[in-house]
Asker: 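Handing you a structure now.
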Amino acid sequence: MDMNAFSLKGKVAWITGASYGIGFSIAEAYAAAGAAIVFNDINQELVDKGLKAYAEKGIEAKGYVCDVTDEAAVQELVGKIEQEIGTIDILVNNAGIIRRIPMTEMSAAEFRKVIDVDLNAPFICAKAVIPTMIRKGHGKIINICSMMSELGRETVSAYAAAKGGLKMLTRNICSEYGGHNIQCNGIGPGYIATPQTAPLRERQADGSRHPFDQFIIAKTPAARWGTPEDLQGPAVFLASDASNFVNGHVLYVDGGILAYIGKQP
Ligand code: NAP
Ligand code: GCO
C-alpha cells in the first residue's frame, strides 16, 4: 500500500468553528498532513485567538469571521476562500453549540438556535462547497456528530435531535453526491475534554470529581475522557484518499462507550 494515501498535501481544508477545541485539533493534524488550513469563527476576537494559536504551532492558517448559520455569509466566505486560497477540497462541519436545559423548560427559540447551528449550518456549508467539488471530481465532507447521534440523555433534547439529524444528513450527502466522488462521513466523538464539556468536569467544592465526570469514567472502557488529539488520526483518515471507498459512515471515536454497558458499581 502507498502510505501517501494518507497525505493531505496540496489540499485546502476548511474547518468551521476551529479557533480552539476539537476543530483546532483537527486543523492541526491536517496541517501536519500537508493541507492548507482555513477556519472561521463567530467573531474577530475568536479568529484572532485562533490565528495566534495556529502561529504558535507554526501553522499559517487563514481565519475569517463568519456565522455558519448565515447562508449569504457562508456563500460569500466560500467565494473569498476560492479567490484568496483555492477551491475547498475538505470541509469539516465542526462549529457547534449545546444548551443543557430540561425540554419542558426550554423555549422553542433556544431549541431552534441549537438546531440552526448544529444541523442547519452543516447543510448550508456543505451546500456551498459541493458544486465546486462536483466540478473538480472529488471532495471530502466530514460532519462532527456525537454520542447523541445515537443516544439521548436528560437536558440535551435539541442537541440530540440536531446530531441525530446530522448523522442522517451525512448519509444523504453520501447518497446524493457519492457518484461525483464526494465522500461524506461523520466523526462521533465520545466525551472529549474541551470548553464545551468543562461544566461536566468541574471539581466539586470538596475537591471530588463532578458526578457526571465519574459517570463518564464508568461508562468508558478506556476509563478516561477523550482528548481532541484522539480525534486527529480518524479525521486525517476520513479526509484522505485512504478513505475514498468509505462513505455515509459515522466513525465513533469514543473509547468504547457505545459498546459498553458500563462498569458495575
Ligand atoms: P467548543 O469548544 O464549544 O467549540 C465550538 C466552536 O464553534 C467555538 O469556537 C464556537 O464559538 C464555534 N461556533 C459556535 N457557533 C458558531 C457559529 N454560528 N458560527 C461559527 N462558529 C460557531 O466545542 P468542541 O467541544 O470543540 O466541539 C466541536 C464540535 O464537536 C461541536 O460540533 C460539538 O457538538 C462536537 N462534539 C463535541 C464533543 C465534546 O465532548 N467536546 C463530543 C462530541 C461532539 P464560540 O466560542 O463563540 O461558541
Ligand atoms: C453532554 C455532552 C455531550 C458531548 C458529546 C458527546 O452534555 O452530554 O456535552 O453531548 O458534548 O456530544 O458525544
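Every value quoted in this text rests on a predicted model; they were computed, and no experiment measured them.
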Asker: I'd like to know if K49 pairs up with E45 as an ion pair, taking the criterion as any Lys NZ or Arg NE/NH1/NH2 lying under 4.0 Å from an Asp or Glu carboxylate oxygen.
Answerer: no
Asker: Evaluate whether atom CD of Q214 has more than 12 neighbouring non-hydrogen atoms of other residues, nucleotides or ligands under 6.0 angstrom away.
Answerer: yes
Asker: Verify the neighbour count for atom CD of Q204: are there more than 12 heavy atoms of other residues, nucleotides or ligands below 6.0 Å?
Answerer: yes
Asker: For residues 143-156, which side-chain N or O atoms pair as donor and acceptor with protein atoms under 3.5 Å away, sequence neighbours left out?
Answerer:
unit_1 : atom_1 : unit_2 : atom_2 : d
N143   : OD1    : N93    : ND2    : 2.8
N143   : ND2    : T170   : OG1    : 2.9
S146   : OG     : M148   : N      : 2.7
S149   : OG     : S146   : N      : 3.2
S149   : OG     : S146   : O      : 3.2
S149   : OG     : K163   : O      : 2.8
E150   : OE1    : K167   : NZ     : 3.3
E150   : OE2    : K167   : NZ     : 3.2
E150   : OE2    : Y252   : OH     : 2.7

Asker: Is it true that the side chains of R201 and T197 contain a donor and an acceptor less than 3.5 Å apart?
Answerer: yes
Asker: Looking at side-chain heavy atoms only, is the closest gap between I88 and V78 below 4.5 Å?
Answerer: yes
Asker: Assess, by modelled atom type and distance only, whether the side chains of D230 and T227 contain a donor and an acceptor separated by less than 3.5 Å.
Answerer: yes
Asker: Let me have the donor-acceptor pairs involving side chains of residues 3-15, under 3.5 Å, with sequence neighbours excluded, atom names and distances please.
Answerer:
unit_1 : atom_1 : unit_2 : atom_2 : d
N4     : ND2    : D2     : OD1    : 3.1
S7     : OG     : K9     : N      : 3.0
W14    : NE1    : N40    : OD1    : 2.9

Asker: Can you confirm whether Q196 is buried at CD, in the sense that more than 12 heavy atoms of other residues, nucleotides or ligands lie under 6.0 Å from that atom?
Answerer: yes
Asker: Determine whether Y191 and T220 make a side-chain contact, defined as any pair of heavy atoms from C-beta on separated by less than 4.5 Å.
Answerer: no
Asker: Tell me yes or no: between the side chains of E82 and T132, is some donor less than 3.5 Å from an acceptor?
Answerer: yes
Asker: Would you give the length of the straight line joining atom CD1 of I37 to atom CZ of F24, rounded to the nearest 0.5 angstrom?
Answerer: 10.0 Å
Asker: How about V74 and D70: do any of their side-chain heavy atoms sit closer than 4.5 Å?
Answerer: no
Asker: Please find the pair of heavy atoms, one from D89 and one from H138, that lie closest to each other, and give the distance.
Answerer: OD1-CE1, 3.1 Å
Asker: Which pair of non-hydrogen atoms, one from R100 and one from L200, has the smallest distance, and what is that distance?
Answerer: NH2-CD1, 3.8 Å
Asker: Is the shortest distance from a Lys or Arg side-chain nitrogen in K57 or E28 to a carboxylate oxygen in the other one below 4.0 Å?
Answerer: yes
Asker: Has Y30 got a side-chain atom pairing as donor or acceptor with A235's backbone, closer than 3.5 angstrom?
Answerer: yes
Asker: Which other residues end up in the same hydrophobic cluster as F245, if Ile, Leu, Val, Met, Phe, Trp and Tyr are linked when side-chain heavy atoms come under 4.5 Å apart?
Answerer: none
Asker: Can you tell me if H210 uses its side chain to pair, donor with acceptor, with the backbone of F212 under 3.5 Å?
Answerer: yes
